[in-house]
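Report on the following structure.
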Amino acid sequence: MAVRIPRVPVREQDAKLRAHNFEEVCLGYNEQEALLEASRCLNCKNPRCVAACPVHLQIPQFIQKLAQGDIAAAAQVIAQDSSLPAVCGRVCPQETQCEGSCILGVKSEPVAIGKLERFVADSVREHPELAASAEVAEPNGKKVAVIGSGPAGLACAYDLAKKGYGVTIFEALHKAGGVLEYGIPEFRLPKDSVLKKEIDDVRKMGVEIQTNVIVGRTITIDQLMDQYGYEAVFVGTGAGLPKFMGIPGENLCGVFSANEFLTRNNLMKAWRSDYLTPIHAGRRVCVVGGGNVAMDAARTALRLGAEVHIIYRRTEAELPARKEEVHHAIEEGIIFDMLTNPVEVLSDEKGWVRALRCIRMELGEPDESGRRSPVPVQGSEFEIETDTVIMALGTSSNPLIASTTKGLEQNRRGCIIADERGATTRQGVFAGGDAVTGAATVILAMGAGRSAAAAIDEYLKTK
């Protein structure tokens, strides 16, 4: 019986050290570790990992090239399907997608697909002679506008450029990247060394990126199509409007959405080397929510010197954040207050936050599906003294595009209505990612961008 090699552990920055800096937590594999881990892949004839990947990366093929020591060939395989491999290798929830479907995971540990993808992408960045590029068709003379330079927009633009279209991305903010630039902290996704390089690779495909252009204000979709000659438009504007609980005190000084908190801190990180920020975190911060954004906000506040509590109304087992992010947060000293629900933000005499009033929760009777929802424990209210409250409860789509575009319809949640391939109710206008689904993951947005690119190609070929 063949002896199976155990999964190669990945090196990480020590928790006590990283809690006080913004350097990347995961250090990745070196070449020896990567080749050993790649050798674990079974090269399945019917790879479930590929089907589970939203961009359908040819995973066994790139891993086999890597196992043979041919990093350049591995990069070439990846380049056919992914515009952001170093990003995906860091922030994708592989444990529930490609790695979650790996056959080795049934009786052992799955192949570390994400860490291997990251290794290949990082190797190419460090050794330009290994650089790979996707095959690009001859220019076809047709122009497509992409609104938003986040993961959906970048993926859509990349695939359209491969097909020979002239693509221009219009970005409202001053730097490209969307949530990758403004929402994900530096310790999870380095901006200059990783993100900027991958966006530059999209530019090298011939994609033009215009920043500081607010479509719906400085220009409309109708103008792009009627006056500037764009034959199709893809809307990948994400979901940037924060949600709040609607409890008393949310308008106090010291209450932030996670979106604002992370954006402002990421901006200050880009502009100043000492990580100073206009947001004063104070000595104690309460983050309400249990998703990846909540973990990002909590770990950022910790690095700004605060004691940080995550307030979540369900159990630890139900935290929607990646297990890796929860593990890192616990290692770093984040305090988790589970089965706890805020009911009011309390003020001091100057209108600033002084405490968060909460109530204990318990699991109620199971419903028809067996799920037990949390219910309040009467008389269990208590206060947590705090200087800052960060609401990490999700986001919704900005209505600007739909409200300024004739024939473009939204659903009750404010999301653009589109079919599974991205076609909207307005002919020639496609949409995907968080603008359609509401807040989701980077890789799902990329998958939507790729699907829309294929649909746009079919539409323009038959127009």
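Each residue takes its place number in the sequence, starting with 1.
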Legend entry - Minimal non-hydrogen separation, Gly153 against Ile169, with atom names: O-CD1, 4.2 Å
Inset, instruction - Could you tell me whether a side-chain N or O of Glu198 sits under 3.5 Å from a main-chain N or O of Val194, the two making a donor and an acceptor? - result: no
Legend entry - Close side-chain approach of Ser83 and Met446, heavy atoms under 4.5 Å: yes
Legend entry - salt_bridge(Glu324, Lys115) N-O dist < 4.0 Å: yes
Inset, instruction - Taking only Lys NZ, Arg NE, NH1 and NH2, and the carboxylate oxygens of Asp or Glu, determine whether Arg125 and Asp201 approach each other closer than 4.0 Å. - result: no
Legend entry - Main-chain N/O of Gly100 paired with Arg48 side-chain donor or acceptor, under 3.5 Å: no
Legend entry - Shortest non-hydrogen contact from Thr395 toward Pro242: CG2-CA, 3.9 Å
Inset, instruction - Report yes or no: do Gln97 and Glu99 form a side-chain donor-acceptor pair below 3.5 Å? - result: no
Inset, instruction - Rounded to the nearest 0.5 Å, what's the gap from CG on Leu104 to SG on Cys44? Could you check? - result: 7.5 Å
Legend entry - Results of side-chain contact (heavy atoms from CB on, under 4.5 Å) for Ala440 - residues two or more places apart only: Asp434, Thr437, Leu444
Inset, instruction - Take Asn30 and Phe119, measure what side chain to side chain contact (heavy atoms under 4.5 Å, CB included) needs, and give me the verdict at the end. - result: CA-CA 8 Å; Asn30 59 32; Phe119 170 79; 5.7 Å; no
Inset, instruction - Would you give the length of the straight line joining atom CZ of Arg322 to atom CG of Asn292, rounded to the nearest 0.5 angstrom? - result: 7.0 Å
Legend entry - Arg360 to Phe382 six-membered ring, cation-pi geometry met (6.0 Å, 45°): yes
Inset, instruction - Look at Asp81 together with Arg450 and state whether they make a salt bridge at an N to O cut-off of under 4.0 Å. - result: yes
Legend entry - Main-chain N/O of Ala86 paired to Arg90 side chain as donor or acceptor, under 3.5 Å: yes
Legend entry - Verdict with reasoning, Val233 to Phe430, per side chain to side chain contact (heavy atoms under 4.5 Å, CB included): CA-CA 6 Å; Val233 175; Phe430 297 76; over 6 Å; no
Legend entry - Min side-chain heavy-atom separation Val120-Ser123 under 4.5 Å: no
Inset, instruction - Please determine if Arg18 forms a cation-pi arrangement with Phe187, meaning its NZ or CZ atom is less than 6.0 Å from the six-membered ring centre and no more than 45° off the ring axis. - result: no
Inset, instruction - Please report the closest heavy-atom contact between Val353 and Gly254, naming both atoms and the distance. - result: CG2-C, 3.8 Å
Legend entry - Thr263-Glu260 side chain donor-acceptor pair, cut-off 3.5 Å: no
Inset, instruction - Any chance you could lay out the salt bridge (charged side-chain N to carboxylate O under 4.0 Å, His left out) test for Glu95 and Lys323, step after step, and finish with the verdict? - result: CA-CA 9 Å; Glu95 64 276 5; Lys323 289 183 179 179; over 6 Å; no
Legend entry - Heavy-atom closest contact (Ser373 atom, Arg314 atom, distance): CA-NH1, 4.0 Å
Inset, instruction - Indicate whether any N or O donor in one side chain lies under 3.5 Å from an N or O acceptor in the other, for Tyr165 and Asp457. - result: yes
Inset, instruction - Would you mind checking if Arg357 and Glu344 are paired as a salt bridge, meaning a charged N to carboxylate O distance below 4.0 Å? - result: yes
Inset, instruction - Check whether any side-chain heavy atom of Val10 lies under 4.5 Å from a side-chain heavy atom of Cys26, and answer yes or no. - result: yes
Legend entry - N-O pairing of Lys196 and Glu181 below 4.0 Å: no
Legend entry - Pair Glu385 + Arg283: basic N to acidic O under 4.0 Å: yes
Legend entry - Min side-chain heavy-atom separation Ser257-Ile390 under 4.5 Å: no
Inset, instruction - Answer whether the closest heavy-atom distance between the side chains of Phe170 and Thr218 falls below 4.5 Å. - result: no
Inset, instruction - Assess whether salt bridge (charged side-chain N to carboxylate O under 4.0 Å, His left out) is satisfied between Glu33 and Arg11, documenting all intermediate values. - result: CA-CA 10 Å; Glu33 293 166 337; Arg11 292 167 291 114; 3.3 Å; yes
Inset, instruction - Sort out for me which residue in Val287, Asn341, Ile384, Ile335 forms a side chain to side chain contact (heavy atoms under 4.5 Å, CB included) with Ile311. - result: Ile384
Legend entry - Verdict with supporting geometry, Glu186 and Asn265, side-chain hydrogen bond (donor to acceptor under 3.5 Å, both in side chains): CA-CA 10 Å; Glu186 188 81 4; Asn265 277 288; over 6 Å; no
Inset, instruction - For Ser149 and Gly177, indicate whether the former's side chain and the latter's backbone hold a donor-acceptor pair under 3.5 Å. - result: yes
Inset, instruction - Look up atom CZ in Arg217 and atom CD1 in Ile401, then write down how far apart they are to the nearest 0.5 Å. - result: 10.0 Å
Inset, instruction - Write down the atom of Pro93, the atom of Ile443, and the distance for their closest heavy-atom approach. - result: CD-CG2, 4.1 Å
Legend entry - Residue pair Leu356, Leu346: steps toward the side chain to side chain contact (heavy atoms under 4.5 Å, CB included) verdict: CA-CA 6 Å; Leu356 187 64; Leu346 303 176; over 6 Å; no
Inset, instruction - Would you confirm whether His56, through its side chain, and Val50, through its main-chain N or O, come within 3.5 Å as a donor-acceptor pair? - result: yes
Inset, instruction - Report yes if the side chains of Ile103 and Leu42 come closer than 4.5 Å at any heavy-atom pair, otherwise no. - result: yes
Legend entry - Sub-4.5 Å side-chain heavy-atom contact between Glu250 and Met245: yes
Inset, instruction - Output yes when Arg203 and Glu208 qualify as a salt bridge under the 4.0 Å nitrogen-oxygen rule, no when they do not. - result: no
Inset, instruction - Identify which one of Arg188, Arg118, Lys191 satisfies the salt bridge (charged side-chain N to carboxylate O under 4.0 Å, His left out) criterion when paired with Glu24. - result: Arg118
Legend entry - Sidechain N-carboxylate O distance under 4.0 Å for Glu325, Arg299: yes
Legend entry - Glu332/Arg303 salt bridge by N-O under 4.0 Å criterion: yes
Legend entry - Non-hydrogen side-chain atoms of Tyr29 and Glu37 separated by less than 4.5 Å: yes
Legend entry - Ser397 side chain vs Ala435 backbone, donor-acceptor pair below 3.5 Å: yes
Legend entry - Heavy-atom closest pair, residues Ala453 and Leu160: O-CD2, 3.6 Å
Inset, instruction - Supply the atom-to-atom distance Leu84 CG to Leu180 CG, rounded to the nearest 0.5 angstrom. - result: 6.5 Å
Legend entry - Presence of salt bridge, Lys162 and Asp159, under 4.0 angstrom: yes
Inset, instruction - Compute whether any side-chain donor of one residue and acceptor of the other, for Asn212 and Glu171, lie under 3.5 angstrom apart. - result: no
